[in-house]
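These notes are about the structure you will find just below.
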Amino acid sequence: MSALPEAEVQTAPLLEVEDLVVEFGPVRAVDGVSFRLPAGPYGFALVGESGSGKTTIARALMRLVAPTSGSIRLDGHDVVGSNGRGSGRALRAYRRAVQIVFQDPTTSLDPRARIGSTIAEPLRAHGIVPRADVGARVTELLTEVGLEPEMAERYPHQLSGGQRQRVAIARALSVEPRVLVLDEPTSALDVTVQARILELIAKLRRERALAYVLISHNLAVVEQLCEETAVLYLGRIVEHGPTEEILARPAHPYTLALRSAVPEIDLAARRSRIVLPGTVPDPANPPPGCPFHPRCPYANERSRTEVPELRAVAGRTIACHRAEEILAGNV
């Protein structure tokens, strides 16, 4: 399935992230990340290897970690605040509007709570429906994500991995969010179950007009669900633009390598696999110049000494000194 129709794209910014920095001691896990998420239905992807900063951004968006600097705005209202925490009332409203589905439903669900209680808790906490109607609303949410109402009486260990992830999605939807943060929502599931969860996300997007930030390392999944993609390396965005353009004509050497790993059914469209040498550098001691240059097949002297700025090239933004050459096939 290809990326979702461009006709659905909205232009008004809903969630805005500006120059986001997150540090843990000497490690700058997120380094100046900026993006805008329009009102839904819309999918925005953050992709990259492990250690690229994807999950840290997700946790910062949920205010589970405090940004070192930068801003996060919902409808133009800053939810970080000068103290890095924001006000209690603003955070409560924000956390209802922005919900997360974690990678592993086994660890994100309370093993001691029945499924019905897990979904009912946020309904009561936020006063979504009158208390007398909570049970009926739980049934509606279970049905919406493709589960039988009797699942409400079961515990997480009595469900399959795919069923547990559907419960996690139902819990996130219970407070009627405007934004979902999907942190590798299918990576802990087998291939068949992955496809069903992706179909569910696409269905909910249409029916609820959801906007979502999809955290993934899988460009095939991104191609199905997202109009816009930002590629991360060592906490920085190295390429950002329309998903279709980035996947069809990658301009950063790192994006080229990620794209080459996506299987192609069409033999004519298959690319030679690019295997990057080495591993992601130590974020506490990044290399000089371009952070990617120790692994880059196109690195030159400028790459080794000068950090490339994120700049506009061919309808996207790229942090690479040789982007134009790569797009033109002159490397």
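One-based numbering along the sequence shown.
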Is E309 atom CD crowded by more than 12 heavy atoms from other residues, nucleotides or ligands, each under 6.0 Å away?
-> no

Can you tell me if CD on E23 sees more than 12 non-hydrogen neighbours from other groups inside 6.0 Å?
-> yes

Without swapping roles, check the side chain of [X] against the backbone of [Y] for a donor-acceptor pair under 3.5 Å.
{"X": "R259", "Y": "L247", "answer": "yes"}
{"X": "R322", "Y": "Y298", "answer": "yes"}
{"X": "R171", "Y": "I119", "answer": "no"}
{"X": "K54", "Y": "S216", "answer": "no"}
{"X": "H293", "Y": "C290", "answer": "yes"}
{"X": "R96", "Y": "R92", "answer": "no"}
{"X": "R63", "Y": "V65", "answer": "yes"}
{"X": "Q158", "Y": "Y155", "answer": "yes"}
{"X": "Q99", "Y": "R95", "answer": "yes"}
{"X": "T317", "Y": "R311", "answer": "no"}

Under 4.5 Å between any side-chain heavy atoms of [X] and [Y], yes or no?
{"X": "L198", "Y": "V221", "answer": "yes"}
{"X": "V307", "Y": "P288", "answer": "no"}
{"X": "S174", "Y": "P122", "answer": "yes"}
{"X": "V167", "Y": "L159", "answer": "yes"}
{"X": "V79", "Y": "V98", "answer": "no"}
{"X": "R154", "Y": "R114", "answer": "no"}
{"X": "L20", "Y": "F35", "answer": "no"}

Separation of [Y] [atom2] from [X] [atom1] (nearest 0.5 Å):
{"X": "L64", "Y": "R59", "atom1": "CG", "atom2": "CZ", "result": "5.0 Å"}
{"X": "S117", "Y": "R112", "atom1": "OG", "atom2": "CZ", "result": "12.5 Å"}
{"X": "L109", "Y": "F102", "atom1": "CG", "atom2": "CZ", "result": "10.5 Å"}
{"X": "E18", "Y": "D78", "atom1": "CD", "atom2": "CG", "result": "11.0 Å"}
{"X": "L180", "Y": "I201", "atom1": "CG", "atom2": "CD1", "result": "8.5 Å"}
{"X": "S108", "Y": "Q165", "atom1": "OG", "atom2": "CD", "result": "6.5 Å"}

Test of understanding: clusters of I, L, V, M, F, W, Y form through side-chain heavy atoms closer than 4.5 Å, transitively. Do [X] and [Y] belong to the same one?
{"X": "L200", "Y": "L173", "answer": "yes"}
{"X": "L37", "Y": "Y94", "answer": "yes"}
{"X": "L258", "Y": "L327", "answer": "no"}
{"X": "V313", "Y": "V238", "answer": "no"}
{"X": "V27", "Y": "Y233", "answer": "no"}

Lys/Arg-Asp/Glu bridge criterion (N-O < 4.0 Å) met for [X], [Y]:
{"X": "E199", "Y": "K203", "value": "no"}
{"X": "D104", "Y": "R164", "value": "no"}
{"X": "D31", "Y": "R236", "value": "yes"}
{"X": "R295", "Y": "E49", "value": "yes"}
{"X": "R205", "Y": "E227", "value": "yes"}

Indicate the atoms forming the closest heavy-atom contact of [X] with [Y], along with that distance.
{"X": "P281", "Y": "L234", "value": "O-CD1, 3.4 Å"}
{"X": "C320", "Y": "P253", "value": "SG-CD, 3.8 Å"}
{"X": "P67", "Y": "V80", "value": "CG-CG2, 4.1 Å"}
{"X": "V22", "Y": "A66", "value": "CG1-O, 4.4 Å"}
{"X": "A60", "Y": "I72", "value": "O-CD1, 3.4 Å"}
{"X": "A211", "Y": "P38", "value": "CB-O, 3.5 Å"}

Pair F292 + H252: ring centers closer than 6.0 Å = yes

Report yes if the distance between the aromatic ring centroids of F44 and Y212 is under 6.0 Å, otherwise no.
-> no

Considering the options T229, L46, V231, which one meets the side-chain contact (heavy atoms from CB on, under 4.5 Å) requirement together with V222?
-> T229

Quick one: which of V47, D183, I100, V101 gives a side-chain contact (heavy atoms from CB on, under 4.5 Å) with I215?
-> D183

Where do V138 and L141 land on the side-chain contact (heavy atoms from CB on, under 4.5 Å) test, with the steps shown first?
-> CA-CA 5 Å; V138 168; L141 287 162; 5.6 Å; no

Given Y42 and L210, is the side-chain contact (heavy atoms from CB on, under 4.5 Å) satisfied, shown in steps?
-> CA-CA 7 Å; Y42 196 85; L210 280 173; over 6 Å; no

Identified side-chain hydrogen bond (donor to acceptor under 3.5 Å, both in side chains) partner of E228 from the options R316, H240, R36 = H240

Is there a side-chain contact (heavy atoms from CB on, under 4.5 Å) between D19 and S34 once you walk through the steps?
-> CA-CA 5 Å; D19 292 328; S34 300; 3.5 Å; yes

side-chain contact (heavy atoms from CB on, under 4.5 Å) between V30 and V21, worked out | CA-CA 5 Å; V30 179; V21 174; 6.0 Å; no

